[in-house]
There are 2 protein chains.
Amino acid sequence: MSRNCRFTAAVHVCAVLANNPETDVTSDYVAASLNTNPVVVRRLLASLAQAGLVASKRGSGGGYRLAQAATRIDLATIATAVEDDEGPVFAPNPPNPMCPIGRNIQPVVAEAIARAEAARMAELGKVSLADVMEKLPV
Amino acid sequence: MSRNCRFTAAVHVCAVLANNPETDVTSDYVAASLNTNPVVVRRLLASLAQAGLVASKRGSGGGYRLAQAATRIDLATIATAVEDDEGPVFAPNPPNPMCPIGRNIQPVVAEAIARAEAARMAELGKVSLADVMEKLPV
DNA sequence: TCAATTCGTAACAAAATGAGTTACGAAAGG
DNA sequence: CCTTTCGTAACTCATTTTGTTACGAATTGA
């Protein structure tokens, strides 16, 4: 599954929480909207909680809610929270060090990828969760 | 393996071809630099050929060479050639259509992702294969 | 205190993805 | 012809991700 899959799901989760402000929403409830398993949702929410985007409460009556206003959460923050930030990923086999190309190409490409990813994040950062909510039927 | 993996490999392949201008380079040769299998390389090169970036010649003395000058090939073109352009990917299970959030969120997020991907491509487009070659020891 | 609820997380099965490998036909050159 | 090399299909294997079950810890309310 692609990178955008987890990201889209994470935005969906946040949208459900934003739609129930000041309320503790259970992972079962969110899972019903996502049409998936509660544990999958909790794993997503664990990443979001670690980034300080959501707060969780255990026990009866517990659940999740946004830890910040929807206007202050942008899609770039959500993306970095749930994506594996391992930088540019290379093949399992390292390039042949005997080859002058193979020996040196990775840092060069990695730099270009880093700039491209930064541009992608900058664009995602222009959209807030509140912007997303506005485009949904309330 | 991530998206950047195939992309990095494709740039590596192009760099090897650029390093042997006006020469037909075999997939075996490229595979040695990539430290991988010739068939894997041929699959990558098939995508690059379909995009018009490389030309192939069969038979004895055959191989691959760049179909355009390295100054005219940019990393965005390479990326679009080898990446699955399936737009934003969603989870295997579609969201619950009974939920107003689930029913409507995907197009909204897809639009933001499309803009972000466009920004990423714009950044990759600023770097040409010749730029990459310049940063490698000749 | 006790029971019910809910998160947190581990363990494992199932599914999907991609890489690697083998194989073989088609094309091209000598 | 015979060799070389691409093009591609079929298959296996490793890796990753998702889904599922399970259970302990925390919290609430009776």
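Throughout, protein chains are lettered first and strands after them, A, B, ... in sequence-line order, and every chain is numbered starting at 1. Predicted model only: the values in this text are computed from it and were never measured.
- At least one side-chain heavy atom of Leu53(B) sits less than 4.5 Å from a side-chain heavy atom of Gln68(B).
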Protein-to-nucleotide contact annotation, 5' to 3' order, nucleotides 21-30 of chain C [B base; S sugar-phosphate only; - none; under 4.0 Å, heavy atom]: BBB--BBBS-
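- Put simply, CG on Asp28(B) is 13 Å from P on dG7(D), counting in whole angstrom units.
- The OH atom of Tyr29(B) sits 10.0 Å away from atom CG of Leu17(B), with the distance rounded to the nearest 0.5 Å.
- Within residues 44-56 of chain A, the residues approached by DNA chain C to less than 4.0 Å at the level of any non-hydrogen atom are Ser56(A), in residue-number order.
- By the 4.5 Å heavy-atom criterion applied to side chains, Val132(A) and Leu75(A) are counted as neighbours.
- The nearest whole Å value for the distance from the CZ atom in Arg65(A) to the P atom in dC7(C) is 13 Å.
- We find that CZ of Phe7(B) is positioned 17 Å from P of dG18(C), with the value rounded to whole Å.
- Taking CG from Leu124(A) and CD1 from Ile113(B), the interatomic distance works out to 7.5 Å, rounded to the nearest 0.5 Å.
- Distance, Leu17(A) CG to dC7(C) P: 11 Å, rounded to whole Å.
- The pair Arg120(A)-Glu117(A) counts as a salt bridge, with a side-chain nitrogen and a carboxylate oxygen less than 4.0 angstrom apart.
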Watson-Crick or G-U pairs under 3.5 Å in DNA chain C, rendered as dot-bracket with [ ] for crossing pairs and | for another strand: ||||||||||||||||||||||||||||||
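- Only one option out of Val40(B), Val41(B), Asn20(B), Thr36(B) pairs with Val30(B) in a side-chain contact (heavy atoms from CB on, under 4.5 Å); it is Val41(B).
- Atom P of nucleotide dT17(C) and atom CZ of Arg6(B) are separated by 14 Å, given to the nearest angstrom.
- Here the closest non-hydrogen pair linking Leu129(A) and Ala18(A) is CD2-CB, 4.1 Å.
- A heavy-atom distance below 4.5 Å is found between the side chains of Asn104(A) and Pro137(B).
- The side chain of Tyr64(B) places an N or O atom within less than 4.0 Å of a non-bridging phosphate oxygen (OP1 or OP2) of dG7(D).
- Per the geometry, CG belonging to Asp24(A) stands 11 Å off C1' belonging to dC7(C), to the nearest Å.
- In this structure, the side chains of Arg115(A) and Val127(B) come closer than 4.5 Å at one or more pairs of heavy atoms.
- The minimum heavy-atom distance between Ile78(B) and Cys14(B), with the atom names listed, is CD1-SG, 3.8 Å.
- Counting only heavy atoms from C-beta outward, the side chains of Tyr64(B) and Leu48(B) never approach each other to under 4.5 Å.
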